[in-house]
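Reading through the structure tokens given below for one structure.
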Amino acid sequence: MSEKIALTPATHTTPPAKFSHGVKKGNILQVAGQVGFLPAVEGQPPTPAGPTLREQTLQTFANVRAILEEGGATWDDVMMMRVYLTDVDHFAEMNEIYNAYFEEQGLTAAPAARTTVYVGLPKGLLIEIDALAVLS
């Protein structure tokens, strides 16, 4: 039986409660919901990448990727992503950013994905993304 390993990259703050930014067990890696916080600076509270959806989405992708890499995965290992937006009017812009980002990453096969509107994110945050990866 494989051990469950909690993942917290150096770029991330220590979670404020008893959870992990990512967990790997065997060849499964679950990335917890990530938002567009800039890399952690010790002694400072988390800071959003910027006020725009583009800035926050690109930083959120960077945060998800950091956890994937910490667990030995890449975007090509991602089987499912869930995207949570705080505004239904952001769907088109997010899809545009998403498509351009993954084209730039050279993704060989797109993961399954789901986008929904969720208004429970902390004030000022526009997007959250979680991911499930399976390593070969």
Side-chain angles (χ1 to χ4, degrees):
M1 185 174 277
S2 58
E3 177 185 3
K4 185 166 70 170
I5 301 166
L7 304 170
T8 299
T11 54
H12 287 55
T13 59
T14 300
K18 189 132 179 90
F19 67 87
S20 302
H21 288 290
V23 175
K24 181 178 176 183
K25 185 169 182 175
N27 68 336
I28 305 292
L29 192 162
Q30 176 66 56
V31 177
Q34 298 297 300
V35 294
F37 286 141
L38 293 168
V41 175
E42 194 168 328
Q44 293 185 11
T47 306
T52 70
L53 180 65
R54 174 171 292 286
E55 291 166 307
Q56 289 190 24
T57 300
L58 293 175
Q59 185 61 52
T60 300
F61 284 145
N63 294 342
V64 170
R65 183 178 186 168
I67 297 164
L68 291 170
E69 289 174 352
E70 184 83 6
T74 68
W75 286 117
D76 279 322
D77 296 310
V78 174
M79 301 297 293
M80 177 68 178
M81 288 198 332
R82 290 173 200 85
V83 178
Y84 304 92
L85 297 172
T86 58
D87 187 333
V88 70
D89 292 336
H90 288 162
F91 269 90
E93 182 181 2
M94 192 284 302
N95 284 338
E96 183 179 301
I97 297 164
Y98 181 100
N99 289 340
Y101 178 84
F102 285 112
E103 183 176 318
E104 194 175 282
Q105 297 301 307
L107 193 64
T108 57
R114 175 168 194 253
T115 303
T116 190
V117 174
Y118 173 69
V119 295
L121 293 178
K123 185 174 175 57
L125 292 176
L126 305 173
I127 187 167
E128 179 179 333
I129 299 173
D130 70 59
L132 175 68
V134 178
L135 292 81
S136 34

inquiry  = Please find the pair of heavy atoms, one from A32 and one from S20, that lie closest to each other, and give the distance.
reply    = CB-O, 3.4 Å
ask   = Is a side-chain N or O of Q30 found less than 3.5 angstrom from the main chain of K24, in a donor-acceptor match?
value = no
message = Is the shortest side-chain heavy-atom distance between Q34 and H12 below 4.5 Å?
response = yes
Closest non-hydrogen atom pair between P48 and F37, with its separation = N-CD2, 3.6 Å
message = If hydrophobic clusters are built from ILVMFWY residues whose side chains come within less than 4.5 Å, do L126 and M81 share one?
response = yes
ask   = Cluster question for you: counting only ILVMFWY and a side-chain heavy-atom cut-off of under 4.5 Å, with indirect links fine, are L121 and V64 together?
value = no
Full working for side chain to side chain contact (heavy atoms under 4.5 Å, CB included) between M94 and Q56 = CA-CA 10 Å; M94 192 284 302; Q56 289 190 24; over 6 Å; no
query = Under 6.0 Å from the CE atom of M80, do we count more than 12 heavy atoms belonging to anything else shown?
reply = yes
ILVMFWY cluster, I129 and V117 together (side-chain gap under 4.5 Å) = yes
query = T115 versus L85: any side-chain heavy-atom pair under 4.5 Å?
reply = yes
inquiry  = With a 4.5 Å cut-off on side-chain heavy atoms, are Y118 and R82 touching?
reply    = no
ask   = So do I127 and L53 actually touch side chain to side chain, heavy atoms under 4.5 Å?
value = yes
query = Roughly how far, to the nearest 0.5 Å, is OG1 of T14 from CD of E42?
reply = 9.0 Å
remark   = Heavy-atom nearest pair, T8 first then P15, reads OG1-CD, 4.4 Å
ask   = What's the spacing between H21 NE2 and T11 OG1 if we round to 0.5 Å?
value = 8.5 Å
query = Do F102 and V83 share a hydrophobic cluster, counting only Ile, Leu, Val, Met, Phe, Trp and Tyr and linking them when any side-chain heavy atoms are less than 4.5 Å apart?
reply = yes
Sole candidate of L29, N27, V78 that passes side-chain contact (heavy atoms from CB on, under 4.5 Å) when paired with V134 = N27
T57 side chain near Y98 side chain, heavy-atom distance below 4.5 Å = no
query = Is there a donor-acceptor pair closer than 3.5 Å between any side-chain N or O of N95 and the backbone N or O of A92?
reply = no
ask   = Are L58 and I97 close enough, and set up right, to give a side chain to side chain contact (heavy atoms under 4.5 Å, CB included), and what steps lead you there?
value = CA-CA 8 Å; L58 293 175; I97 297 164; 4.0 Å; yes
query = When rounded to the nearest 0.5 angstrom, what is the spacing between OG1 in T116 and CD in E128?
reply = 11.5 Å
Minimum side-chain heavy-atom gap L132-I28 below 4.5 Å = yes
note = Tightest non-hydrogen contact, residues P46 and T13, listed as CG-CG2, 4.3 Å
request  = Give the cluster check for V31 versus F19: same hydrophobic cluster or not, with ILVMFWY residues linked at side-chain heavy-atom distances below 4.5 Å.
outcome  = no
query = For the residue pair Y101 and F61, does the interplanar ring angle fall in the parallel (under 30°), tilted (30 to 60°) or perpendicular (over 60°) class?
reply = parallel
message = Please report the interatomic distance CG(L7) to CD(E69), rounded to the nearest 0.5 Å.
response = 12.0 Å
query = From L68 CG over to N63 CG, what is the distance, rounded to the nearest 0.5 angstrom?
reply = 11.0 Å
query = What heavy-atom pair brings D76 and A109 nearest, and what distance separates the two atoms?
reply = OD1-N, 4.1 Å
